[in-house]
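Worksheet: one structure, shown below.
Below, chains carry the letters A, B, ... as their sequence lines are ordered, and counting in each starts from 1. Keep in mind it's a predicted model, so treat the numbers as computed, not measured.
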Amino acid sequence: MSTATTYRTCPRSGLQFEYQAEWLIKANAFVGVVWLLIGGLLAIGVVLTRWPAVHWLQAQTFYMVLTAHGLDMLIFWIIFFEIAVLYFCASTLLRCRIATPRIAWLAFALMLIGSVVNNIAVFRGASSVMMTSYVPMMAEPNFYLGLIVFAVGALIACFVFFGTLVVAKNEKTYEGSVPLVTFGAITAAIIAVFTLVSGAIILIPTWLKSMGVIDQVDPLAYRTIWWALGHSSQQINVAAHISVWYLVAAIAFGAKPMSERVSRTAFLLYILFLQLASAHHLLADPGLSTGWKVLNTSYFMYFAVLASMIHGLTIPGAMEVAQRQKGYTKGLFEWLRKAPWGNPTFSGVFIAIIGFGFLGGISGVMMGTEQLNMIIHNTIYVPGHFHATVVIGTTLTFMALTYYLIPVLFRREMIAPKLAQWQPYLFGFSMYFFALVMMGAGTLGVSRRHWDMAFQGHALAYEWPGAAYLMMGLVGIGGMAAIAGGAIFIYVTVGSLLWGKRLDRGAESPRFTPVPRAAPTVVAQTYGSAGFAAPGTFMLAMVFLVAFVLYYFINWKYLSTVWGLS
Amino acid sequence: MSAILPPTERLWYKHPIDRVEGTWIAIALTWCLIMFFMMIGWHIWGKQNLSTETYRTTPEQYTAKAQAVVDKWTVRTETDQKIPVVAPPPGSDVFIVARLWSFWPILELEKGKSYRLHLTSMDYNHGFSLQPVNINIQVVPGFEHVVTVTPNQSGTYSIVCNEFCGIGHHQMVGRLYVK
Ligand code: HEM
Ligand SMILES: [Cu+2]
Ligand SMILES: [Cu+2]
């Protein structure tokens, strides 16, 4: 069974795009980037208000803009782009048609409508409840309705993705097991289903409450279930961007996973344990038992952290092995020095890996420790941490992938390639700085989601130490630099779509060409066989471990000096 | 290009693991277990653990209890709003009422002594952020959270609300003294 469609083989990459899939990927990625643009514009308002010397927006506007920034970035930008990644990993990598393209377009339409409805509600001004929308603070009904419609759309898209896998299997477009990258995408999609269902479970009653149909949603139950959406959706991001890291390692170096078994098991650990992590948003909450908190916040003994630490080694490790095979074998780090630093797809991913691990990963585990959570909960340390994960990790990775897709998928020559070359460095490093100073300010106690750290006119005003003001000033500067980096990305990508030279489509055929089955290479036989194939990466991993251990215990040391609590 | 192709070997799961990976997995697993047992260990040996003692409550019930303590132990009032400063004896139950947009009353505690601090909110979620020590606890409406606190340094402390609670959120700040 195969329906009438065409497949084009991209002459630049050898990838094969089915007609419907190609348009779906383009549409989802494009709308994602539009949300990134909107979220980025809103970020200007957020940053310039939190910069104490500037303090730009009025309080009411600030809270509205911050609500929109959180939603547009974290939910709409990321999930639209992720759906594009899912379709790519199924249809393009397995060279098959998309299952039920009509339904896929329906999913797209629902997501689009949902996101717009939600934004309209926010900008009407009576829904400044932040993306977390903790009850009993209520937004307009359309705020929730928009999110629900969006979630339903995304859920349908996940099922189209699963359907596409079935099509590929049935039509035998590939042999053996699915590629590792597709496997990672499957992980992301499974977590997404769990996440979106949790979202529906809690947002539907909240929506009903906002219309007066029911009159109570338990505040603590809301927080617990909402975070099964809020946190697990971050795990979709992790699974998705790690898949893209493997993808880029393959594209940029021809790298092969060091061990399929290790990498796949690590993905499996995500499925098994990641969704437990909603606990780490509730560590400072009343009413939940210590045992529950400890077991859940650690994702069952940190097995999901273990998985991330494994990916963090195996991806650079695979790059190192590939580079060494090309003859870059001098010392520990020649492979890294000779990497294609001028290619924004590679540099973006590498900056993302390092930033995600060192800044996002270490701070995340610290925050997620039951007792240590008390010294950062709801401070601006928290946004500091997640800008390291979701901006440096996910967003920068998706930016890097977009650079690759411009000629391959959108068939345009990139305008301003020099600018594109610099962009990951500007965006990445200013975000490193931004995240670090936010964490610095949070360590001093500065609150998140707070319009006026001076408490102007209040008789009991608290005076923050000068260092806190300094840090928040640096947040302003770093944030504006990052926004400039984001603007360059938008200019290069959207500009290329508008004005870039058109590139040829490549050969078309009414039938797919199956994925060729490569003979086991010499490579596959030799490395991975109890050698010590990636010593440089191992060094990096040890540096990481030392930083991790030191930072972890410094925080315990601090905790031991505060008031006794029991 | 192989992470994007099906594994070349059919029996990829039998492929031996490189020592770089094997060693790292062993190290990482050890570290993960250390971190896990650190949390448990701190419950046994550490002095800063968040209590889980919680009761369901209503604004009326809670305010009544808080008011009783205020009536009994108020030593003076502060600011134009005449916020009572309450100094109950060590070991007793002390109450903070979080509401839009204030913390009430002002407590005066003694250094080195323990108190059972009750927290709840009358309306939305609020955040109890004790500065400059930087201890942060979520305050959820409908739940009365009882935390035993032992101040270890005297001074003037502030309680900043660090959970977004509406347009007056940034004006929600209270005080606490330790003698
Ligand atoms: C481009 C540069 C960006 C800048 C300068 C920026 C700046 C900020 C700042 C300063 C805050 C904290 C405000 C506060 O708590 O008072 C914030 C919050 C947030 N940002 Fe960003 N951001 C940027 C990009 C992004 C991206 C790409 C994402 C997601 C992919 C993102 C997601 C969020 C979220 C989810 C929040 C939390 C909102 C809330 O507390 O409800 N940001 N951002
Ligand atoms: Cu408050
Ligand atoms: Cu507040």
Side chain, backbone, both or neither: which part of T369(A) has an atom under 4.5 Å from a heavy atom of chain B? both

Under 4.5 Å heavy-atom distance to chain B, tell me which part of F62(A) shows up: side chain, backbone, both or neither. neither

Between L66(A) and chain B, with a heavy-atom cut-off of 4.5 Å, which part of the residue counts as in contact: side chain, backbone, both or neither? neither

Given a strict heavy-atom distance threshold of 4.5 Å, which part of F553(A) is in contact with chain B: side chain, backbone, both, or neither? side chain

Identify which part of A461(A) has an atom lying under 4.5 Å from any heavy atom of chain B, answering side chain, backbone, both or neither. backbone

Begin from the C-alpha positions of H170(B) and Y63(A) and carry the test ring pair (Phe, Tyr, Trp, His ring centres under 6.0 Å) through to its verdict. CA-CA 11 Å; H170(B) 48 268; Y63(A) 291 129; 5.7 Å; yes

Heavy-atom distances under 4.5 Å only: say whether L283(A) touches chain B with side chain, backbone, both or neither. backbone

Under the criterion side chain to side chain contact (heavy atoms under 4.5 Å, CB included), which of Q48(B), K47(B), H43(B) is the partner of Q371(A)? H43(B)

Return the minimal non-hydrogen interatomic distance between P179(A) and P6(B), and the atom names on each side. CG-N, 3.8 Å

Do Y462(A) and I159(B) come close enough that some side-chain heavy atom pair is under 4.5 Å? no

In terms of heavy-atom proximity below 4.5 Å to chain B, should T537(A) be classed as side chain, backbone, both, or neither? neither

Most contact-rich option vs chain B, by heavy-atom pairs under 4.5 angstrom, among A459(A), G457(A), A534(A), A322(A), is A534(A)

Does anything in residues 52-61 of chain B reach chain A? List residues with heavy atoms under 4.5 Å apart, or say none. T52(B), T54(B), R56(B)

W464(A) portion near chain B, given a 4.5 angstrom heavy-atom threshold: side chain

T443(A) versus chain B, heavy atoms under 4.5 Å apart: side chain, backbone, both or neither? backbone

